[in-house]
Amino acid sequence: MTGDVIFSPLKFRNLEIKNRIFRSSISGRFDNEDGSLTQTRINWESKFAKGGIGAIISSYVPVLMEGRIIAGYATMHRDEFIKYWKVLGDAVHSFDCKFIMQLSHSGRQMDMPGVHNYARPAPSSTSRKESLHGFLCRAMTVPEIETTIAGFARAAWRAQQAGLDGVELHAANGYLFTQFLSSGINDRKDQYGGSLANRARFLLEVIQAIRAKVGADFHLQVKISAIDYNNVVPWEGKGNTLSDSVQVVKWCEAAGADAIHVSNGSLFPHPLNPPGEFAFETIAATYDAMISSGVNGLRNYFLFRYPVLRPIFRWAWFRMKKGRPVEGVSLDESRAIKAAVAIPVICTGGWQSASKVRAAIESGACDGVSIARSLVANPDLPKWWSEGHEQPPRPCTYCNRCLLNAPKNPMGCYEPLRFASHEAMVDNLMTIYNTHPDLRIPSPGEVSL
Amino acid sequence: MREPPVTVVQADLRRRWLLMTPLYIIAAAVVLLGIAASIAALVLIFNLLRNSTPHYSDEIENFKYGSISTESASGIPYRIWRALPALFPTEFRGRSDYSAFGFLYENDADGRPRDLPIGVSRRTYRGVDVVWFNCATCHTGTVTATLAEPSTGELRTGRHIVPGMPSNNLDLYRFIHFLLSAGGDERLGPNRLIPAMEGAGGKLSWWENLTYRWYVIPLLREGLVLRRSRLLGLMDRQPPWGPGRVDTFNPYKLLLADFGSVPDAEAFGASDFPAIFDQGPRQGMHLHWDGNNTSLAERNISAAIGAGVTPDTLEAGGYQEIDRVAKWLLGLKPPASPYSPDPKAVERGQRIYMTACAACHGHTPLATAAPGAGYAFDGAKLGQVEPNESLGVDPGRLNSYSPALLAYQRAGFFDGRLRFEHFQKTNGYANQPLDGLWLRAPYLHNGSAPTLADLLEPPSRRPVAFVRGGDVLDPARGGFVAPPCDPRFPPPLAFCFDTRQPGNGNGGHLYGTDMPDAAKADLVAYLLTF
């Protein structure tokens, strides 16, 4: 389809993408315990690159080991890992797709801390435990903040060294940047807490540090939660408003960000991110892996496990979705942010229909869309759109079983309606484990005792 | 040694546990206490709401042992009832039951003595078993004779219990006097009573102990003290009523109407328990000795109040229970007379009776009556009040029912919840039908003439003092054997009835007293067939 805005290039200051479709951050526990990536991750990302999207925003990539969400996700905390990421980048590039590394730090939102982190409270802006799971944390000292800023800068530099196409700071969805930004979470009394400017200081200092490290011509975008809706657990404060976030993105633009990626919600997962259903039977089968991660784990497990208790959680969760569409759930916020900045804006949230994406871009609410679940279901979604289809024949149902299986099972589509059989579903999940036969025998010097 | 925590979450949970343990313990204690309190409250409510009494399908058993709802308002807790004989051996004459007061005991179906006598029913009320009177208390007596067993028809010589005849054994005066006195006796305090209760009926649970010590026993004693303060003064002014007798209306004035005192002119109303056979034909007659009520239903309720019902207990089931007994009594026939007097004398006596007595008292079926016809409730003056001016018997019972009591009954009592409309003040005594006459000795309303033969004698020749409470038939004189006695030296364990005491006078009813002896004998022969 010629002239389709979806397939028109998107030009950033330092980067051009062939179309307006981004693979949003999504991952499974594919990688090694030390943070080095594996063939499986290369296979995973290649699947989407081959599908025809313009760029992949990597899975959540910790810049420091104490910032992991889940052990088993590849990290960027060591220079030694540059070469692995380069292989991954090359693989993606081979499909004419760009690769933007999402640099992240979990802060207190550490779902499965792993051996590196389980014996200490997670660093955060606050010492108040995370509201949903009860993850424990402690307020970072200023030197720790400075170390973390340096960690981000160094990781960005590593991404640049690996030949990747840019970095995204994950300042959305409840991770460390959100913990500083959100008025519902940040209770600091120092220069990193209190006013919006103080709360944004950490993010802006990271942007400045990265710019100082990688220069002005390396793509840097910021993903932000436009509205926190921090009161999923009803007694928590509501957090940042849209006007707070509009101010923050202006500051980011001024600090040197090349694009803004709009999401919602100060937790992950959050009723508005990813939007859709909540499969209680699935989470009842997987949440046990997280019971020991937080002091509320057992409580939550009971809420998920026992049908008589589920209405409590269902009420808390679904009350925030009322009146909201699944597809383009954050579009209004994106439009407001787009109006406030000159740099391109990417909007995430349930996108799957060509007409809706087209309308969103043409209306000026965003410049591109990022998609995770609909691409997990159909990695060739761009092909269907380019052929003039509104949706693939077996679209994502937004069941969120991919999300809720994450604590225990491989990442992939678990919607039974989309598969002829359970075996067919498992076969589909296993496709990314198609590793190469040329693993080599380590030399004696490589084997430590 | 305790394993150290592996994760920070475990360490935190352990720290929280130490901090929170006292709170958890308190919370758990509160929850457990709450559950225990809820259970206790439920049990308490269940018990408080519980109001049940054994049901007897057989009408005679129901009459003898079934409840008419007197227990909850007036009764004695069963466990205490059982304990009293051991605590008061003198009053109970060393017996372990209430037979010393004339209560009648039967054996149950297995041949074991029943633990409650005839006329005492049992009800579980607010978790406590309570016993008290029913209709049979005052209306079931004994006769020693050779009679056919009602159940088998076999002749048996001995003591027979006859439901519906006057309770000729029951010394209600002595029983009430004892209870009222016991209300102020230290033996009824929990420290003496509870061990006696446990001795008579097994160990009390801690809960029962608590309930009896702090609630049941004080409540009982309060009730007895109240009745004692109102009634005992009057009873001590009266000559003891003796077995088979009761003063119906004076206790009414003091306990219910709270008149405070009873003037001497009204104070001597003790009379015989009446027989209550065949009530159906009596509807509309002047009922009670003085004929002060013409309604069976009202008379029944009035009698039940005397036994201890209240509007509350009546409405909780008492009306139905009384109604059942009353319906059964409508057709209750007295057992046939066992006497077999000379038929010729009977014939002669009948001629005399039909001329001189039948108009007031009705008669047995005539030869012309249909086969199987019962007592003929015929007679121009049957069931009517005969002025005592002409009758001339002791006025004590007549005077005991006073205009003030009538006004009280008619105005409404029990806070206006009960009101009688058929009571009236009369000037004499009602002419009674004489069905079952052989079971109704001694005669006259106050039982002042021991036998029929004595009643046909002029008052000056009637026995001055005689033993009451016997049940051995006197075939020569018609009535129960009642040897003369000296009230100053009464025979042991017997009651010497003194006709010279107020209310006990044996004057009046001079009908036939002037007949020749032969005619009197003929009349008695006929009366023996009643």
Side-chain angles (χ1 to χ4, degrees), chain A residues 33 64-72 105-141 144 176 179 233 267 287-303 407, chain B residues 1-52 124-129 204-211 214-215 316-317:
Chain A
E33 281 293 333
L64 296 166
M65 273 311 239
E66 65 259 35
R68 299 176 109 178
I69 317 172
I70 295 180
H105 190 295
S106 63
R108 67 181 189 176
Q109 195 161 281
M110 189 180 279
D111 294 335
M112 298 174 75
V115 66
H116 293 84
N117 293 324
Y118 67 46
R120 62 192 178 201
S124 178
S125 66
T126 176
S127 294
R128 286 176 55 229
K129 68 178 190 290
E130 184 268 345
S131 62
L132 186 58
H133 310 276
F135 300 139
L136 298 174
C137 59
R138 58 178 177 78
M140 296 161 77
T141 62
E144 283 174 317
L176 184 61
Q179 291 159 36
V233 177
L267 301 174
Y287 190 79
D288 53 329
M290 286 177 63
I291 288 177
S292 61
S293 299
V295 295
N296 299 337
L298 191 60
R299 178 200 71 184
N300 291 352
Y301 181 69
F302 287 143
L303 288 174
Chain B
M1 190 176 149
R2 195 174 176 192
E3 199 183 351
V6 173
T7 71
V8 63
V9 170
Q10 287 171 342
D12 193 69
L13 289 173
R14 189 175 286 190
R15 183 183 61 82
R16 279 161 189 258
W17 176 249
L18 290 175
L19 280 174
M20 299 295 284
T21 296
L23 290 178
Y24 289 148
I25 291 170
I26 291 169
V30 167
V31 167
L32 288 176
L33 278 175
I35 291 170
S38 304
I39 291 171
L42 283 175
V43 169
L44 197 65
I45 288 168
F46 175 76
N47 276 330
L48 286 180
L49 293 179
R50 211 167 137 205
N51 186 352
S52 66
T124 305
Y125 180 69
R126 295 188 179 171
V128 177
D129 279 3
L204 292 177
S205 71
W206 67 269
W207 169 250
E208 288 175 315
N209 193 312
L210 214 63
T211 310
W214 297 109
Y215 178 67

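Just so you know, these numbers use all the heavy atoms, side chains as well, and skip hydrogens, waters and symmetry mates. Nothing here was measured: the structure is a model prediction, and the numbers come from that model.
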Q: At what distance, to the nearest 0.5 angstrom, does CG of B:L44 lie from CD1 of B:I39?
A: 13.5 Å
Q: Using side chain to side chain contact (heavy atoms under 4.5 Å, CB included), reason through B:L48 and B:R126 one step at a time and then give a plain yes or no.
A: CA-CA 4 Å; B:L48 286 180; B:R126 295 188 179 171; 3.9 Å; yes
Q: State, yes or no, whether a side-chain contact exists between A:L267 and A:Q109 at a heavy-atom distance under 4.5 Å.
A: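 Yes, their side chains come closer than 4.5 Å.
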Q: Of all heavy-atom pairs between A:R128 and A:C137, which one has the smallest distance, and what is that distance?
A: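 Reported closest heavy-atom pair: O-SG, 3.0 Å.
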Q: Determine which pairs satisfy ring pair (Phe, Tyr, Trp, His ring centres under 6.0 Å) with at least one residue from residues 105-135 of chain A, sequence neighbours left out, and list them in order.
A: A:H133-A:F135, A:H133-A:Y287
Q: Select all residues of residues 6-18 of chain B having any heavy atom within less than 4.5 Å of some heavy atom of chain A, and report them by number, or 'none'.
A: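 So far as heavy atoms go, B:V6, B:T7, B:V8, B:V9, B:D12, B:L13, B:R16 are the residues that approach chain A to under 4.5 Å.
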Q: How long is the gap from CG on A:N296 to NZ on A:K129, to the nearest 0.5 Å?
A: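 That separation rounds to 5.5 Å.
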